[in-house]
Amino acid sequence: MTNRTKRPILSFMARSHGEIIALWPKMSILARELGEKTETVRKWKQRDRIPSEYWQRLVAAAEVRDLETVTLEKLAEISAENHN
């Protein structure tokens, strides 16, 4: 019998889209999970902006990783704060 340890749930509250991207171990992993090129994700991080058309996929990828704080509401909140 194997002893499986449940992964910890991250409760970090990101304040920027760049911080959300940084929750993944590597940008290439996030890019693969979203079906995008690593360079595209790198540009999002540089601009500190994840285009809204990727938010649904991003939230789904976050759920698989137990990143409960990555929600549509949080992405929209960050986006709204950055446009003020």
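Here, residue 1 is the first one in the sequence, and each next residue gets the next number.
- Distance OG/Ser16 to CD1/Ile50: 8.5 Å, rounded to 0.5 Å.
- Here CD of Gln56 is found 5.0 Å from CG of Leu72. Values are rounded to the nearest 0.5 Å.
- Atom CD1 of Ile20 and atom CH2 of Trp55 lie 9.0 Å apart (nearest 0.5 Å).
- Taking CD1 of Ile21 as the reference point, atom CG of Leu58 lies at 8.0 Å (rounded to 0.5 Å).
- Pairs of residues two or more places apart, or lying in two chains, never qualify as ring-ring contact (aromatic ring centres under 6.0 Å, His included) while including a residue from residues 61-82.
- Residues satisfying the side chain to side chain donor-acceptor pair (under 3.5 Å) test with Lys74, not counting sequence neighbours, are Glu77.
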Show me the donor-acceptor pairs within less than 3.5 Å that the side chains of residues 33-41 make with the rest of the protein, sequence neighbours left out.
| from | atom 1 | to | atom 2 | distance (Å) |
| --- | --- | --- | --- | --- |
| Glu33 | OE1 | Trp24 | NE1 | 2.7 |
| Glu33 | OE1 | Arg65 | NE | 3.3 |
| Glu33 | OE2 | Arg65 | NE | 3.0 |
| Glu33 | OE2 | Arg65 | NH2 | 2.7 |
| Glu36 | OE1 | Thr40 | OG1 | 3.4 |
| Glu36 | OE2 | Tyr54 | OH | 2.7 |
| Glu39 | OE1 | Arg42 | NE | 3.2 |

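- A distance of 13.5 Å separates CZ of Arg47 from NE2 of His17, quoted to the nearest 0.5 Å.
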*asked:* Working note: Leu30 + Met27, criterion side-chain contact (heavy atoms from CB on, under 4.5 Å); need CA distance, chi angles, decisive distance, verdict.
replied: CA-CA 5 Å; Leu30 175 57; Met27 281 187 264; 5.6 Å; no
